[in-house]
Amino acid sequence: MKPLIRKALTVAALATATAACTSAPSGTPAKLDLSKNVRLVSYSSCDDMLAGLREHAADNVGPWGFGGPIMPYLAREDTAMTPQAKTAETPDHSTTNVHEAGVDEPDLVKTDGNRVITVTDGTLRVVDTATKKVTATLKLTEKGQPVYTPANLLVSGDRALVLFEGGNIMFKRFAPVGDTRYVLVDLSGEPKVVATIKPKGGQFIDARMVGSTVRLVTRSQPDITFPTPKDNATDDERKKQNQDVVRRAPLDAWLPKVEITDASGAVRTDAVKCERVSHPADYTGTSLLTVHTIDLAQGITPAGTAPISLAADGDTVYGTSGSLYVASNPQWWGGIMEPMAVDDAPATAPEATPSTPKAPPEETEVHRFDITQPGAPSYVASGKVPGRLLNQYSLSEFDGNLRIATTQSQDQKNSSSAVYVLKSDSMDKVGEVGGLGEGERIYSVRFIGPVGYCVTFKQMDPLYTLDLRDPAAPKVTGELKITGYSAYLHPAGDGRLIGIGQEASDKGRPLGTQVSLFDVSDPVSPKRLSQMFQKDSGSGAEWDPHAFLYWPKTGLAVIPLSTYSEQQQQDGAVALKIDDSGVSKLGMITHPVHKQDGYSYQPGIQRSMVIGDSVWTVSYDGVQVNDINTLAKQAWIPLH
């Protein structure tokens, strides 16, 4: 990531935390009616599908089309890095830090111990870990595309799937349509493109890989061109004109399409068939979610990649070895970004106007798909709970149940958080525990087996421990109040929990990065054993735990760190030793200063890996290798 962008991310995240200190007084949100049926059902015919989509979309179109003005919000996404078993041929190495073991997630860099694979500026590069040299490159940018194109990777054996998400890297939800594409690359020899998949008009949401099978989730809106409004037309007149256009739109405007190019250059365009589209009982008709299935071992086959769709919205994907969940958060409703939480909202919300339709109930819908069989997933059930998710870590499937942690606010003034338990085969509610963080919002969640941990924050940081052994009667067992907050929680062995976040004043003002080690062996009385604090700093691991490395074998932890002042910003990664009793700082890793045309900057480190006896760190400029014990620099591998 380029330095100015990285700095913007850090500043935006800290601004969000600062805004949390000015929230309104606490209160108890009103109960929501959860009796409405949200189970998905298929359309009876293409005519039935067209009629339903037209009417629902017409009800939800506004004077400016689907949605309204966009309010930016920096979403934090979580992940983690864990060790992989050592083989005779492969050095011991870490892999992408993921939510669920055995379920891989897209990331900026991948390694199998022998190779480091990454994509920068639209070019895939393979680094040999033995020689520490770039051994292969493959340019993947197409004509007319910008050189700097954000990309993530999934790798299985000698196949890599490069995910170009398109558009704005900070707010990918609003990326220009048409830029999303998935490129399948063969790495067995000189890298070559095997196939390219382009969702036509779709936006990438997220992906998960189990074994060699990838499930990709995209979101699309109807391809409808609205007329230019007449001069001096009222909002009501514009809306009626748009409704007339929607009611005449053909089915083809809604059906998601995908363009597939094979290795020979032959192109075909497929549309999702009517019988493979489902819908909830209540839906807007303004968006469809599509799940594509690709087995990297088999490549792109018509039967293997046949997608399924549902007439719903979604922005959060969570996967296990047997289930794929897609959740729709209300802050994404209709293209208008609602405030993430009461902490960020104005003291008094403006009343609705004709150009600002009334927001829907503050609730989260979750759809579950069964992915245990090869090919396309099968729909299982849908459910909903009050409030908003923070991220995928707010969801956790365990022992036949789905646990969901949300924050709910009332009139944008009061807030409270809760954990709900749904039966995974029916998505019916089994139990709930509420009253977490009155007047605050969730900053991090971690479920570990039958136990849960939740951090809420406004001025102080309550870390709640939850007993979830009885799904019908989950309960809070303990609470620890300390200054600051943890934005990411990571398990560190029996009875230990690592927290990455910000220290704060007793008024809630962020002061700098903190890494905490918690003793949660006694769920009634959690304690903080140790803290590393770096004044006036921020870490990308707060909102992107793919950036967090923890190597249990030696207790090494590495996180990106930006230390800033009015004069300058210093970027690097801090190496820590975390053992059973505490957190200690080992040193800093920095990449060479980049100098060009009289301008210089220090590249921000985005990822860290352990390979053999070395720590490998990755920035936009290159890859650096340091000794795992002394942190002495061993090699610098430029990526340009």
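All values reported here derive from a predicted model rather than from experimental measurement.
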- Item | Check against side-chain contact (heavy atoms from CB on, under 4.5 Å), Val421 and Asn401 | CA-CA 6 Å; Val421 182; Asn401 296 297; 3.8 Å; yes

- Query: What do the steps show when you test Met609 against His93 for side-chain contact (heavy atoms from CB on, under 4.5 Å), and what is the final call?
  - Reply: CA-CA 7 Å; Met609 300 167 287; His93 63 281; over 6 Å; no

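Within 6.0 Å of NZ on Lys475 lie no more than 12 heavy atoms contributed by other residues, nucleotides or ligands.
When only modelled atom types and interatomic distance are considered, Ser608 and Thr617 share no side-chain donor-acceptor pair under 3.5 Å. No hydrogens or angles considered: a donor-acceptor pair under 3.5 Å links the side chains of Glu503 and Thr483. For Ser424 and Glu397, the side-chain atoms include no donor-acceptor pair closer than 3.5 Å. The closest side-chain donor-acceptor pair between Ser323 and Arg368 falls under 3.5 angstrom. Of the N and O atoms on the side chains of Gln408 and Glu362, not one donor lies less than 3.5 Å from an acceptor on the other residue. A side-chain N or O of Glu542 and one of Tyr485 form a donor-acceptor pair less than 3.5 Å apart.
When all heavy atoms of Leu153 and Val109 are compared, the closest pair comes out as CD1-CA, 4.3 Å. Smallest separation of non-hydrogen atoms from Leu154 and Pro106: CD2-N, 3.6 Å. Of all non-hydrogen atoms in Val515 and Ile498, the two that sit nearest each other are CG1-CG2, 4.1 Å. Scanning both residues, Met532 and Leu576, for their nearest heavy atoms gives CG-CD2, 4.0 Å.
Under the side-chain hydrogen bond (donor to acceptor under 3.5 Å, both in side chains) criterion, Asn152 pairs with Glu165, not counting sequence neighbours. Legend: residues meeting ring pair (Phe, Tyr, Trp, His ring centres under 6.0 Å) with Tyr325, ordered by chain and number and at least two apart, are Tyr318.
Considering only heavy atoms from C-beta on, Ser486 comes within 4.5 Å of Phe518 through its side chain. Leu497 has its side chain within reach of Ile448: a pair of non-hydrogen atoms, C-beta onward, lies under 4.5 Å apart.
A centroid separation of 6.0 Å or more is found between the aromatic rings of Phe398 and Phe447.
A tilted orientation is assigned to the rings of His490 and Tyr488, their planes being inclined by 30° to 60°.
Applying the side-chain hydrogen bond (donor to acceptor under 3.5 Å, both in side chains) test between Asp519 and each of Arg528, Lys527, Arg496 identifies Arg496 as the sole match.
Counting only distance, with no hydrogens or angles, the side chain of Thr406 and the backbone of Pro386 share a donor-acceptor pair below 3.5 Å.
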